[in-house]
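Inspection log for the structure reproduced underneath, given as structure tokens.
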Amino acid sequence: MTRNDDPFDRLTAIAQLIADALALADEGSESLLGAKLSDAQACVDSRLDMLAGGRRLGCGRS
């Protein structure tokens with residue numbers, strides 16, 4: 001992976017990695033891990049919304 005200083009691009013890449021990991025957790029019946037990844041995905045999505053000018057839904061950080 002190359003260095004990318006654009007926060008939106010970086011978070012988009014993180015969101016994709018989380019989505020991939022969530023799919024693997026679901027396939028492996030790892031429900032607790034899936035729940036944690038789902039929480040992380042919601043946090044990243046909220047941050048992306050904020051960067052895109054949308055309303056921030058939360059996740060504990062600004």
Side-chain angles (χ1 to χ4, degrees):
M1 179 179 268
T2 61
R3 181 178 168 92
N4 186 345
D5 291 330
D6 181 32
F8 192 86
D9 288 346
R10 213 173 30 242
L11 285 170
T12 300
I14 290 170
Q16 184 59 54
L17 290 170
I18 292 171
D20 293 345
L22 186 54
L24 289 171
D26 287 345
E27 288 174 12
S29 299
E30 297 289 341
S31 57
L32 181 59
L33 180 57
K36 296 294 184 181
L37 288 166
S38 182
D39 290 345
Q41 187 174 40
C43 183
V44 171
D45 289 345
S46 293
R47 182 70 173 137
L48 282 167
D49 287 345
M50 188 180 100
L51 288 174
R55 188 176 77 116
R56 184 168 189 269
L57 301 176
C59 81
R61 295 188 180 179
S62 9

Subject >> side-chain contact (heavy atoms from CB on, under 4.5 Å) involving Ala19 - partner list, sequence neighbours excluded >> reply: Gln16, Gln41

Subject >> Distance (rounded to the nearest 0.5 Å) between Thr12 OG1 and Asp45 CG >> reply: 9.5 Å

**OP:** Name all residues meeting the side-chain contact (heavy atoms from CB on, under 4.5 Å) criterion together with Ile14; count only those two or more places apart in sequence or in a different chain, and write none if there are none.
**Re:** Leu11, Ile18, Val44

Return all side-chain donor-acceptor pairs below 3.5 angstrom for residues 28-39, not counting sequence neighbours, or 'none' if the list is empty.
none

**OP:** Look up atom CG in Leu48 and atom CE in Met50, then write down how far apart they are to the nearest 0.5 Å.
**Re:** 10.0 Å

